[in-house]
Each structure stands twice: as structure tokens, then as C-alpha cells.
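What follows is one structure encoded as C-alpha cells, with my remarks underneath.
All values reported here derive from a predicted model rather than from experimental measurement. The figures here come from the full heavy-atom set of this structure, side chains too, leaving out hydrogens, waters and symmetry mates.
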Amino acid sequence: QVQLGESGGGLAQAGGSLRLSCAVFGGTVSDYAVGWFRQAPGKEREFVAHISWSGNTYYADSVKGRFTISRDNAKNTVSLQMNTLKPEDTAVYYCASGSRLSVVPVATTRRYDNWGQGTQVTVSS
């Protein structure tokens with residue numbers, strides 16, 4: 001069964017950058033759709049970005065132009081490059097994988113059936 005592990009979280013200043021990595025264990029990353037979600041205290045888990053098995057990418061409006069999701073087949077990882085960070089980006093970030101093909105919208109949590117434990121991202125003013 002596929003397992004996911006996030007890394008790269010930490011503290012950044014507003015306007016700074018962080019790069020998160022999602023390692024895929026027990027499977028080939030290109031065989032799955034992979035999404036990033038985030039959850040701040042008291043808020044619902046929020047869609048951030050998605051990359052399909054074929055490499056198509058999708059972003060939440062709140063991060064378009066600032067975040068980039070990518071896949072490294074050699075390392076079997078999916079990354080989230082976060083630039084121009086804002087305090088409102090502060091949250092626990094989760095990596096999730098789903099089946100290669102689905103009609104379920106990519107921005108919904110039910111699209112995914114495997115989740116990592118999350119990594120904390122904190123952005124100071």
C-alpha cells in the first residue's frame with residue numbers, strides 16, 4: 001500500500017519561500033494523482049494544488065502565481081515550491097494521493113485515499 005511522507009516545512013518570513021516535498025513509498029509517483037492540502041486551526045482542510053498522473057497541474061486561486069507543484073520521477077517525489085509567502089499561508093500542509101483516473105474534482109478531499117501526516121508551515125509578518 002502506498003505511503004506518503006511530507007518534509008520541508010518550517011518558519012518563513014512574509015515574502016519568503018519554502019519548498020515542501022512529498023515522498024511516495026510503495027508505488028510509482030507517476031501512477032497517481034497527487035494533491036497538496038492545508039489546514040489552519042479552526043478551518044476546514046483547503047485545497048492548494050494538484051498534479052495528475054499525466055502531469056497536468058491545478059491550483060487554488062489563493063496560491064496561483066506563487067506556488068508550483070511538480071513531480072520528480074527519478075526521486076519518486078512531488079514537490080510544492082511556495083514563493084511570496086503570506087501569513088495566511090500558515091497551516092499544516094498535507095500531501096495526498098489518489099487514483100490515476102477519477103471524475104471527482106481535484107479540489108475535494110474525497111478525491112484522495114492516502115494522506116501523509118502533514119508538515120507545519122508558519123509565515124511571520
Exercise. Starting from the C-alpha separation in whole Å, work towards a yes-or-no answer on side chain to side chain donor-acceptor pair (under 3.5 Å) for Ser30 and Thr28.
Key: CA-CA 6 Å; Ser30 60; Thr28 301; 5.6 Å; no
Quiz item: For Val78 and Ser70, what are the C-alpha separation, side-chain angles and deciding distance, and is it a side-chain contact (heavy atoms from CB on, under 4.5 Å)?
Solution: CA-CA 6 Å; Val78 169; Ser70 62; over 6 Å; no
Practice problem: Might you work through the side-chain contact (heavy atoms from CB on, under 4.5 Å) test for Ser102 and Arg111, ending with a clear yes or no? | Solution: CA-CA 8 Å; Ser102 177; Arg111 174 67 177 83; 3.3 Å; yes
Quiz item: Got a sec: does the CD of Gln117 have more than 12 other heavy atoms crowding it under 6.0 Å?
Solution: no
Quiz item: Would you call Lys64 and Asp61 a salt bridge, taking side-chain N to carboxylate O under 4.0 Å as the test?
Solution: yes
Practice problem: Could you tell me whether Arg45 sits above the aromatic face of Tyr94, with NZ or CZ closer than 6.0 angstrom to the six-membered ring centre and within 45 degrees of the axis? | Solution: yes
Practice problem: Would you indicate whether Gln39, at its atom CD, is surrounded by more than 12 heavy atoms from other residues, nucleotides or ligands within a distance under 6.0 Å? | Solution: yes
Quiz prompt | Check against side-chain contact (heavy atoms from CB on, under 4.5 Å), Leu18 and Val121 | solution = CA-CA 8 Å; Leu18 285 173; Val121 171; 3.8 Å; yes
Quiz item: What are the two closest non-hydrogen atoms of Tyr93 and Leu20, and how far apart are they?
Solution: CB-CD1, 3.6 Å
Practice problem: Would you tell me whether Asn83 and Ser17 have side-chain atoms, one donor and one acceptor, within less than 3.5 Å of each other? | Solution: yes
Exercise. Using a 4.5 Å cut-off on heavy atoms from C-beta on, say whether the side chain of Arg71 contacts that of Ser79.
Key: no
Quiz prompt | Shortest non-hydrogen contact from Leu80 toward Ala49 | solution = CD1-CB, 4.0 Å
Self-check item: Glu44, CD: over 12 other non-hydrogen atoms inside 6.0 angstrom
Solution: no
Quiz item: Can Leu85 be reached from Phe47 by stepping across I, L, V, M, F, W or Y side chains whose heavy atoms are under 4.5 Å apart?
Solution: no
Exercise. Please report the C-alpha distance between Lys86 and Ser125 in whole Å, then the side-chain angles of each, then the deciding distance to 0.1 Å, and finally whether the side-chain contact (heavy atoms from CB on, under 4.5 Å) criterion is met.
Key: CA-CA 8 Å; Lys86 303 176 180 180; Ser125 300; over 6 Å; no
